[in-house]
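Have a look at the structure below, then the notes.
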Number of protein chains: 2
Amino acid sequence: MAHSNTRPTSRDVAQAAGVSQAAVSLVLGDKWHGRVSAATAQRVRDAARDLGYRPNLAARNLRLGHTRTVLLVVPALTTEFFAGVYTGAARIAAQHGFGVVLYPSPEGVGPARDPFASAQAALDGVIASSMAADALTTIRGDQLPLVMLDSDPQGSLGAATVNLDIADGVRQVTEHLLGLGHRRFLHLAADVPSWTFEVRAHELATRVATVPGTDVRTIRAPLTFEAARAATEAALTTPGPHPTALVCDDDKLAAGAYKALRRHGLHVPSDISVTGLDDLALATAIDPELTTVRLDAELFGERGMQALLAVLDGREPDRSDIPVHLVVRGSTAPPRPH
Amino acid sequence: MAHSNTRPTSRDVAQAAGVSQAAVSLVLGDKWHGRVSAATAQRVRDAARDLGYRPNLAARNLRLGHTRTVLLVVPALTTEFFAGVYTGAARIAAQHGFGVVLYPSPEGVGPARDPFASAQAALDGVIASSMAADALTTIRGDQLPLVMLDSDPQGSLGAATVNLDIADGVRQVTEHLLGLGHRRFLHLAADVPSWTFEVRAHELATRVATVPGTDVRTIRAPLTFEAARAATEAALTTPGPHPTALVCDDDKLAAGAYKALRRHGLHVPSDISVTGLDDLALATAIDPELTTVRLDAELFGERGMQALLAVLDGREPDRSDIPVHLVVRGSTAPPRPH
DNA sequence: CCACGGGAGTTATACGTAACACGTGACGGC
DNA sequence: GCCGTCACGTGTTACGTATAACTCCCGTGG
């Protein structure tokens, strides 16, 4: 059964339910009590669900004369401070049926109530990080063009994908450490359900396994500073030979690990080498400065956008991976001769 | 001359210019060549400017069936990484006449083309940080309800205001340092055109001036890690007695200063005490952990939102300042006895 | 003198929704 | 027997814009 390519409207729902458009509006707006029978209301709701109906917010906003969306202007997105401001504002807004849109000063702007309830009001497409996977089923509910940032290679969602070459980054890290002479690795892995972190662990293990006499132990921690400290601390107190190199899935984890190492009187890099991944500002704020892999976030964003434009245009998006580069700083050195 | 309270529409412009609404649409859409005389086109543009006309984007979107706005889903706003992703995506988007909206996974969302060109499509009001002052004249161009975060007390924009009690934070810092016995201060000030930073400098100077035998020297640096390091380094190489306490306008500046102090062989806090302001995660990542003033960003956001809701409701917003609290950590200690 | 073309506009319409103002039976009370 | 009321809807309109289709007038070539 071929059906129209355009999104269903409230009139389509009305026709399917055998009622007028006005009745649909009443029912879906929850203003039907005493105006429409419960049975009819249910028929309308069923029809709306079956058709996958989503109200057109542009039309609604036009009709209503307001949008229940406010704008938050902040100096930049880089500060945790304004991230918090946003979170607080969004929470209260949600309690009042409002949405919040971000506009980071000279460089950028944001959405509303429910991600798509408000966003869809004005969207031609979606760019999504695979780390926000929980929202993805919702996204697929709409049939908006979608581009994934760092999705799995199989593209399980059938969407276009832009990938950082994380595997190559891990390869560069392990080459560097193996070249320095390290053989006993501790891997501080991010405990998040994301494919990008899986590849880090997998690549590290296979890379190291090719060199005789090496071993790697993996510990997991949620992606926070404090969790990383605690996990590292726990690993240091277990018996057995100490690792000479600590490979972290992320700079923030490395910063947390620094703290644990310091408490145990271990000096970086003479007692143990440490590496991160991301090259955040944090990497140069800590002492010693962190050897890490630079990910070009801006390029990642640009490539994501270009891919979406391609999809909207009916063109084939560029599928090549984005290269990443090892940045060697003071946190890695040859292991102390035994 | 009393005029309507509602926003002017293209029909109002048409009436003012003595043409039809269609002509206005043609001229403003830059599709008038060969259809409207140059003189008439100019009359229309003048009328639009005089009335402060801004097209209703909800109507436009409804008519056009698209919005030239895409959604960027990211895990959270706290990471510099995704801030970069956003910046890159927004840049490319802008080049194509698209806007980008942010949706930080389970906690929050973002904007478009020109901040208000796209945002206004769906806005009932605006919350703006005073640090994004460059955008404010644009905001006032619309007559949207506006709430300022940390505006000047005179409220020069005539908008509602929510303030953190920064002055009290500075007072707490100076009391703390004076109590420890410090008398020679170096103030590392943020070199940004913002009232909030002015108050920090002013409050520090007046507070310190009340104690006999004290002095304070101020140096300025842009709000970046590297600039703070360079400025501190320069201050340390100038002749004269060394300060015993370094008061920074912001945690990030303090982290930069740490680096400069380390290079000069100065130990924190035994050689010099250091304080910050914000209490970012960074404050506990560096060694020693930073004595700083905690600003409750989320509460700030909540209060901003509540104020806006009040304005929209015709109520008087709560004008009380938000309290802040000194957090004493390892970066402050009594000065070394001379 | 007429036909034709192009310049300079105007008129009319549709986008999808929300909500106001009606309509239509059926039933109950007096 | 008639009116009021209630349950259950429907018809219609307006929101502000962009654009296709139309009108009108003037100049010009044949």
Side-chain angles (χ1 to χ4, degrees), chain A residues 4-44 47-48 51-68 97 117-118 120-124, chain B residues 4-45 47-48 51-68 97 117-118 120-124 142:
Chain A
S4 162
N5 196 20
T6 68
R7 288 246 299 272
T9 73
S10 62
R11 216 176 306 273
D12 296 331
V13 175
Q15 186 167 358
V19 297
S20 71
Q21 179 267 331
V24 173
S25 182
L26 254 7
V27 171
L28 268 29
D30 208 33
K31 294 182 163 53
W32 58 277
H33 301 274
R35 325 251 295 112
V36 174
S37 70
T40 303
Q42 193 53 50
R43 257 199 354 272
V44 169
L51 293 177
Y53 170 72
R54 302 285 209 124
N56 178 323
L57 292 216
R60 170 179 292 171
N61 292 343
L62 177 59
R63 174 71 237 252
L64 260 21
H66 65 242
T67 65
R68 307 262 126 189
S118 88
Q120 165 220 30
L123 296 182
D124 288 347
Chain B
S4 163
N5 196 21
T6 67
R7 288 247 300 272
T9 72
S10 61
R11 216 176 306 273
D12 296 331
V13 175
Q15 187 167 357
V19 298
S20 72
Q21 179 267 329
V24 172
S25 183
L26 254 7
V27 171
L28 268 29
D30 209 32
K31 293 182 163 54
W32 57 278
H33 300 274
R35 325 249 297 112
V36 174
S37 71
T40 302
Q42 193 54 49
R43 256 196 359 269
V44 169
R45 278 190 291 262
L51 292 176
Y53 169 72
R54 301 286 209 123
N56 178 322
L57 292 215
R60 170 179 292 171
N61 292 343
L62 176 59
R63 174 71 235 255
L64 260 21
H66 65 241
T67 66
R68 308 263 125 188
S118 87
Q120 165 219 30
L123 295 182
D124 287 346
D142 300 355

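Both backbone and side-chain heavy atoms feed into the values below; hydrogens, waters and symmetry mates do not. Just so we're on the same page: letters track the sequence lines, and every chain starts at 1.
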B:Arg7 CZ to D:dT17 C1', in whole Å, measures 13 Å

Rounded distance in Å - CZ (B:Arg60) to P (D:dC15): 19 Å

Non-neighbouring partners of B:Ser37 that pass side chain to side chain donor-acceptor pair (under 3.5 Å), sequence neighbours left out: B:Thr40

Could you give the CZ-to-C1' distance, from A:Arg43 to D:dG9, as a whole number of Å? 11 Å

For D:dC15, does OP1 or OP2 lie under 4.0 Å from any side-chain N or O of B:Thr9? no

Non-hydrogen atoms of A:Ala58 and B:Asn61 that approach each other most closely: CB-CB, 3.8 Å

Has A:Ser10 got a side-chain N or O lying under 4.0 Å from the OP1 or OP2 atom of C:dT17? yes

Using 0.5 Å steps for rounding, measure from the CG atom of B:Leu26 to the CZ atom of B:Arg35. 5.0 Å

Between B:Leu62 (CG) and C:dT13 (P), how many Å, whole number? 17 Å

Heavy-atom side-chain contact between B:Asn56 and B:Arg7 under 4.5 Å: no

Taking CG from B:Asn61 and P from D:dC15, how many angstroms apart are they, rounded to a whole number? 18 Å

Which parts of residues 11-30 of chain A get close to DNA chain D, meaning a heavy atom less than 4.0 angstrom away? A:Val19, A:Ser20, A:Gln21, A:Ala22, A:Ala23

Taking only the side-chain nitrogens and oxygens of A:Ser37, find out if one of them lies under 4.0 Å from OP1 or OP2 of D:dG9. yes

Send over the distance from A:Leu64 CG to D:dC15 P, rounded to a whole Å. 14 Å

Per atom distances to the A:Tyr53 side chain, the nearest of D:dT19, C:dT17, C:dG9 is C:dT17

Pairwise distance CG(A:Leu57) to CG(B:Leu62) - rounded to 0.5 angstrom: 11.5 Å

Verify side-chain contact (heavy atoms from CB on, under 4.5 Å) between A:Trp32 and A:Val44, making sure each step is shown before the conclusion. CA-CA 11 Å; A:Trp32 58 277; A:Val44 169; over 6 Å; no

Could you give the CZ-to-P distance, from B:Arg54 to D:dT17, as a whole number of Å? 13 Å

Table please: side-chain donor-acceptor pairs of residues 11-24 of chain B below 3.5 Å, with sequence neighbours left out.
{"residue": "B:Asp12", "atom": "OD2", "partner": "B:Thr9", "partner atom": "N", "Å": "3.0"}
{"residue": "B:Ser20", "atom": "OG", "partner": "B:Ala22", "partner atom": "N", "Å": "3.4"}
{"residue": "B:Ser20", "atom": "OG", "partner": "B:Ala23", "partner atom": "N", "Å": "3.3"}
{"residue": "B:Gln21", "atom": "NE2", "partner": "B:Ser10", "partner atom": "OG", "Å": "3.4"}

Sub-3.5 Å pairs of nitrogen or oxygen atoms, protein against nucleotides 21-27 of chain D:
{"residue": "D:dA21", "atom": "N6", "partner": "B:Arg35", "partner atom": "NH2", "Å": "3.3"}

Using atom CG of A:Asn56 as one end and atom C1' of C:dC15 as the other, report the distance to the nearest whole Å. 8 Å

Phosphate OP1/OP2 of D:dC8 contacted by A:Thr40 side-chain N/O (<4.0 Å): no

